[in-house]
Amino acid sequence: ITANAIALAEGKAIVGEPSSGTDELALLDQTFHKMSSALKQALEQEAKLARVDALSQLPNRFYFSETVVESSATMQPGPKRFCIVICDIDKFKLINDRFGHAVGDEAIKLTAQRIQQSIRDSDIAARWGGEEFIVSLPKTDVAGAAILAERIRTSIMESTLVYGDIELSFTISCGVAELLPDEDIEHLIQRADAALYRAKKDGRNRIMVATSDERLPSTSGMMQALP
């Protein structure tokens, strides 16, 4: 019982089964185990909240960075090909302005669902921020990544968001990039983001594959934020 009390005080779960007796010490031990179970559930919920985006129910940017960005530092091109896809809901600000933020939230949820339905178990999709999503594709070349991105784009384009009396169709644009020799993951993501910018600029509702030297235009040369 003393060890269990110390474990609880330190925020640790109790190991072992509770006492089965009915005396005061046994009842105290049983109470400690109930407290431990509640603590474990609370810690698990806290851990989930730290890694899952509440709206989309996809992993959040922090989790993606921790699991994908750090682990991919050891990845190399060739047999272990690795790609990133970044998708963004087209004209999202217009959806919010015209139909309200509740409908915008539903568009984010629908997009997350379609992305999750399109990827493999080995892939990781996350909400990257706002109306932007990111997908990591291990053991995938750029052709395979482009096929997946097109599958996601088509799936969303063919979907209808229903919210009360509102029926809405919308589209996404995607940028695709494959890991180059000696390239780090941050630069890979930057190239995918630049390809996404090009897809937006060229008319939206399309997929663009990043070139090896893809760069976002300088701030002075950019149009104001492309929705």
Side-chain angles (χ1 to χ4, degrees), residues 40-73 82-138 140 145 148-149 151-157 159-164 166 168-177 185-186 188-197 199-200 204-205 207 216 225-227:
K40 182 180 179 181
Q41 291 177 11
L43 291 174
E44 289 175 349
Q45 180 65 16
E46 183 180 356
K48 180 181 178 181
L49 291 174
R51 65 177 183 268
V52 175
D53 174 66
L55 180 60
S56 67
Q57 289 300 300
L58 290 177
N60 58 26
R61 186 172 186 141
F62 173 79
Y63 177 82
F64 188 92
S65 297
E66 287 292 305
T67 60
V68 176
V69 175
E70 291 186 4
S71 65
S72 64
F82 181 80
C83 286
I84 287 288
V85 175
I86 299 181
C87 302
D88 187 271
I89 299 175
D90 294 327
K91 300 184 178 179
F92 184 71
K93 184 178 184 301
L94 183 60
I95 294 174
N96 276 334
D97 291 346
R98 182 174 295 178
F99 301 104
H101 289 277
V103 175
D105 287 349
E106 292 302 314
I108 288 173
K109 291 178 185 178
L110 179 59
T111 302
Q113 291 168 4
R114 294 295 180 265
I115 291 175
Q116 194 64 49
Q117 291 165 356
S118 300
I119 64 176
R120 307 165 298 181
D121 291 341
S122 59
D123 305 330
I124 296 179
R127 187 178 178 193
W128 196 233
E131 67 274 24
E132 198 169 63
F133 301 83
I134 190 166
V135 184
S136 67
L137 304 171
T140 305
L148 174 74
R151 185 186 309 147
I152 294 171
R153 187 197 67 80
T154 302
S155 175
I156 292 171
M157 183 181 65
S159 298
T160 301
L161 188 163
V162 179
Y163 185 80
I166 298 172
L168 171 68
S169 295
F170 62 93
T171 62
I172 65 167
S173 300
C174 299
V176 180
I185 188 68
E186 288 81 5
L188 172 65
I189 292 173
Q190 288 173 11
R191 288 196 301 113
D193 201 30
L196 168 62
Y197 176 87
K200 292 279 192 177
R204 306 179 182 84
N205 190 26
I207 308 300
L216 278 169
L226 288 169

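The model shown is predicted, which means the values in this text are computed figures rather than measured ones. Just so it is clear, the values below take in all heavy atoms, side chains as well, and ignore hydrogens, waters and symmetry mates.
- At a threshold of 4.5 Å between non-hydrogen side-chain atoms, the residues I189 and I86 count as touching.
- Nearest heavy atoms, A125 versus I115: CB-CG2, 3.6 Å.
- At distances below 3.5 Å, not a single donor-acceptor pair connects side-chain atoms of S155 with backbone N or O atoms of R151.
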Inset, instruction - Carefully, step by step, assess L110 and F170 under the rule side-chain contact (heavy atoms from CB on, under 4.5 Å). - result: CA-CA 10 Å; L110 179 59; F170 62 93; 3.9 Å; yes
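- Between the side chains of D88 and S173, not a single donor N or O lies within less than 3.5 Å of an accepting N or O.
- Counting only distance, with no hydrogens or angles, the side chain of D90 and the backbone of R204 share no donor-acceptor pair below 3.5 Å.
- Note: R61 CZ to W128 CH2 = 4.0 Å, rounded to the nearest 0.5 Å.
- When side chains are defined from C-beta on, C87 does not count as touching V135, because their heavy atoms never get closer than 4.5 Å.
- Nearest heavy atom pair, residue F64 against residue I124, reads CE1-O, 3.8 Å.
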Inset, instruction - Start with the C-alpha distance between F82 and I185, add both sets of side-chain angles, then the distance that settles side-chain contact (heavy atoms from CB on, under 4.5 Å), and finish with yes or no. - result: CA-CA 10 Å; F82 181 80; I185 188 68; 3.4 Å; yes
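- In this structure, the side chains of E132 and L196 come closer than 4.5 Å at one or more pairs of heavy atoms.
- Counting heavy atoms from C-beta on, the side chains of R153 and T171 never come closer than 4.5 Å.
- Under the rule for a side chain to side chain contact (heavy atoms under 4.5 Å, CB included), the partners of A145 that lie at least two apart in sequence or sit in another chain are C83, V85, L137, T140, V176.
- Scanning both residues, G104 and F92, for their nearest heavy atoms gives O-CE1, 3.4 Å.
- Separation of atoms CZ (R51) and CG (N60) is listed at 9.5 Å; rounding is to 0.5 Å.
- The salt bridge (charged side-chain N to carboxylate O under 4.0 Å, His left out) search around D97 returns K93, not counting sequence neighbours.
- Rounding to the nearest 0.5 angstrom, the gap separating the NZ atom in K109 from the CG atom in D53 is 10.5 Å.
- Partners of R114 under the salt bridge (charged side-chain N to carboxylate O under 4.0 Å, His left out) rule, at least two apart in sequence or in another chain, do not exist in this structure.
- From Q113, atom CD reaches atom CD of Q57 across 10.0 Å, with rounding to the nearest 0.5 Å.
- S118 and L148 get closest at one heavy-atom pair: O-CD1, 3.1 Å.
- Applying the salt bridge (charged side-chain N to carboxylate O under 4.0 Å, His left out) test to R120 and every residue at least two apart in sequence or in another chain returns D123.
- Atom OG1 of T154 is separated from atom CG of N205 by 8.5 Å, given to the nearest 0.5 angstrom.
- A pairwise comparison of heavy atoms in I89 and A107 identifies CD1-O, 3.9 Å as the closest pair.
- Remark: S169 pairs with T160 by the side chain to side chain contact (heavy atoms under 4.5 Å, CB included) rule, at least two apart or across chains.
- Evaluation of the side chain to side chain contact (heavy atoms under 4.5 Å, CB included) rule for I166 yields F99, V103, L168 as partners, not counting sequence neighbours.
- Closest non-hydrogen pair, F133 versus S56, comes out as CE2-CB, 4.4 Å.
- Within the model, atoms NZ of K200 and CD1 of I172 stand 9.0 Å from one another, a figure rounded to the nearest 0.5 Å.
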